[in-house]
Number of protein chains: 2
Amino acid sequence: MQKQEFKDRIYSELATLTKAMANPYRLQIIELLAQGSRTVEEIAGQLTLSIANASQHLQVLKGANMVSLQKEGHYAHYRLANEDIYAVWQSLRDLGINRMAEIDRTLREFREEKSSFQAISIDELLQKIDQDNVLILDVRPEKEYKAGHIPQALSVPIDQLAQRIVDCPAGQEVIVYCRGPFCVFADEAVELLRERGITASRLDEGFPDWKRRQLPISVPL
Amino acid sequence: MQKQEFKDRIYSELATLTKAMANPYRLQIIELLAQGSRTVEEIAGQLTLSIANASQHLQVLKGANMVSLQKEGHYAHYRLANEDIYAVWQSLRDLGINRMAEIDRTLREFREEKSSFQAISIDELLQKIDQDNVLILDVRPEKEYKAGHIPQALSVPIDQLAQRIVDCPAGQEVIVYCRGPFCVFADEAVELLRERGITASRLDEGFPDWKRRQLPISVPL
DNA sequence: CAATTATTCAATAGATTTATTGAATAATTG
DNA sequence: CAATTATTCAATAAATCTATTGAATAATTG
């Protein structure tokens, strides 16, 4: 094989892969599937897309071997084809957060309204778990909690938080986590908790990031 | 800011960033600039693009804040805007190498011809440096070696290797590195060395990967 | 087996991306 | 200041991407 042909093949394949990711909805699909497998209908619902359009985006990801599907009855369950895909999303996301002025601006603006700008890292959380008396809340939908969660965390889906807030002992420090830095559940939870006078902050990443660091997780049998 | 507007803004910005990378030439530019800054002319020459076309691709990368430029005389010197960009390239590249059948096939085919399939990792090289008597060759152009290299390495640009090969003591184990896994210099070097009966293998990553791991490097004053 | 349901397919129009060409700009040299 | 040089800009046509629409498929239910 000639040098030129080699380069052409390699880089055009990699560009194809990159193109498959290069769409706002498909990035959201990747992030959503990092929480576990989903049907076309569920994905379309989450992203407010038509079913046909969601299916089409999934075909693009499948064409790049980034997702795989398993048919059960007349449902197609899509999942990420492998873990490395999440690694790419992670580095892309972090580049955006750390280096893109426009994303930084959007995050600040959104979080100022919610008073949720303060966040702690996974490393800081690990320290707190060892040293302090900290309450960890998983505010994702229960289904996602059940599919795997941080061992010490309680499941309090964001839409149940308002009713269950009384359970929280006064003076208790609370750390809230959700799907990741662009998932608004944790921001909404912090807003709600602070309004009730509870000291709460966000984890700056999500459960998939915790999991990828090979930290202990609780999973169903 | 509404939840929907927040998500729309964030993900469309990230998709813009991804789109800026999603082209075979622009991926090559990112990789090339990871070796140091380059003028438009140099980039066009390396990738066999017209000057106007190379400039246009650079505008796209600049529009996404992925490269910056410094004008000197009538040359524009382009460089990567920050290090996180290389991290994205790295994870994308590794996804391709580890998970894409078509890329794996191309790499195998190319390296079978060059007998350069055997490679060692940076970790293995670090061990060898400590324990064994190993000769490390940097086969990139001299300019790149001078801009920074693995401390123990000798500079033997690939086009000088054939003449200088006599210097190598018999029985000496040789490790060759270049720009990265898709740079063919190390493959060509291994082919040449093996033809002359020298035990040689590639490093499976390149100098930018060594550097990003914060390992010691030799740099000019 | 007809009706229902989840998903995919196919066709289309509008938007975006790409390479090419040649002219415009702006710094340097003679 | 005219000529040269490196780069950018602008215009264009071909290719590709995107959302929408409605029909096709294939599994399940009554």
Side-chain angles (χ1 to χ4, degrees), chain A residues 4 7-9 11-30 32-33 36-79, chain B residues 4 7-9 11-30 32-33 36-79:
Chain A
Q4 193 57 50
K7 296 226 166 187
D8 286 353
R9 278 213 233 167
Y11 288 98
S12 77
E13 276 295 321
L14 283 171
T16 303
L17 194 63
T18 314
K19 271 193 188 121
M21 294 183 51
N23 173 283
Y25 297 112
R26 294 201 292 272
L27 288 176
Q28 287 183 71
I29 290 173
I30 289 169
L32 182 59
L33 293 186
S37 73
R38 292 284 183 282
T39 66
V40 181
E41 199 181 27
E42 288 170 324
I43 293 164
Q46 282 276 333
L47 312 196
T48 51
L49 285 177
S50 74
I51 299 273
N53 199 186
S55 171
Q56 225 166 310
H57 282 302
L58 285 163
Q59 298 308 310
V60 174
L61 291 171
K62 185 152 75 79
N65 290 305
M66 301 187 82
V67 302
S68 62
L69 81 166
Q70 198 183 343
K71 294 216 172 186
E72 269 176 40
H74 39 214
Y75 289 91
H77 295 265
Y78 280 88
R79 63 179 70 253
Chain B
Q4 193 57 51
K7 295 226 167 188
D8 286 353
R9 278 214 232 166
Y11 288 98
S12 78
E13 276 294 321
L14 283 171
T16 303
L17 193 66
T18 314
K19 270 190 189 124
M21 295 184 51
N23 172 284
Y25 296 113
R26 293 201 291 272
L27 288 175
Q28 286 183 73
I29 290 173
I30 289 169
L32 183 59
L33 293 185
S37 73
R38 291 284 183 283
T39 66
V40 182
E41 199 181 27
E42 287 170 323
I43 293 165
Q46 282 275 336
L47 312 195
T48 50
L49 287 178
S50 74
I51 299 273
N53 199 185
S55 171
Q56 225 165 309
H57 283 302
L58 285 162
Q59 299 307 311
V60 174
L61 290 170
K62 186 152 75 76
N65 290 306
M66 302 186 83
V67 303
S68 62
L69 81 166
Q70 197 183 345
K71 294 216 173 187
E72 269 177 40
H74 38 216
Y75 288 91
H77 296 266
Y78 279 88
R79 64 179 68 253

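Of the inter-residue distances, the one linking His57(A) atom NE2 with Asn23(A) atom CG reads 4.5 Å to the nearest 0.5 angstrom. Taken to the nearest 0.5 Å, the CE atom of Met66(A) stands 14.5 Å off from the OH atom of Tyr78(A). The OG1 atom of Thr39(B) sits 11.0 Å away from the NE2 atom of His74(B) when rounded to the nearest 0.5 Å. With values rounded to the nearest 0.5 angstrom, Thr48(A) atom OG1 is found 6.5 Å from Tyr25(A) atom OH.
In this structure, the side-chain contact (heavy atoms from CB on, under 4.5 Å) partners of Ser50(B), at least two apart in sequence or on a different chain, are Ala52(B), Asn53(B). Here Lys19(B) pairs with Ala22(A) under the side-chain contact (heavy atoms from CB on, under 4.5 Å) rule; sequence neighbours left out. For Ser12(A), the side-chain contact (heavy atoms from CB on, under 4.5 Å) partners are Pro24(B), not counting sequence neighbours.
Within residues 45-59 of chain A, the residues approaching DNA chain D are Ala52(A), Asn53(A), Gln56(A), His57(A), by heavy-atom distance under 4.0 Å. Of the residues in residues 68-76 of chain B, those with a non-hydrogen atom less than 4.0 angstrom from any atom of DNA chain D are Leu69(B), His74(B), Tyr75(B), Ala76(B).
With a 4.5 Å cut-off on side-chain heavy atoms, Gln28(A) and Leu32(A) do not count as touching. Side-chain atoms of Leu33(B) and Arg79(B), non-hydrogen and from C-beta on, never get closer than 4.5 Å to each other. Here the side chains of Leu69(A) and Val40(A) are not in contact, with every heavy-atom distance at 4.5 Å or above.
Residue Glu41(A) contributes atom CD, which lies 16 Å from atom P of dT28(D) at whole-angstrom precision. Following rounding to the nearest Å, Arg38(B) (CZ) and dA6(D) (P) show an atom-to-atom distance of 17 Å.
For Asn23(A) and dT18(D), the shortest distance from a side-chain N or O to OP1 or OP2 is below 4.0 Å. Here Tyr25(A) does not reach the OP1 or OP2 of dC17(D): none of its side-chain N or O atoms lies under 4.0 Å away.
Ser55(A) places no side-chain N or O within donor-acceptor distance of the main-chain N or O of Ile51(A), the cut-off being under 3.5 Å.
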Once Watson-Crick and G-U wobble pairs under 3.5 Å are found, how is DNA chain D written in dot-bracket notation, 5' to 3', with | for any base paired to another strand?
||||||||||||||||||||||||||||||
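Between His77(B) and Val60(A), it is His77(B) whose nearest contact on DNA chain D lies nearer the 5' terminus.
For Lys19(B), whose side chain is taken as the heavy atoms from C-beta onward, the closest listed nucleotide among dT17(C), dT7(C), dT8(C) is dT17(C).
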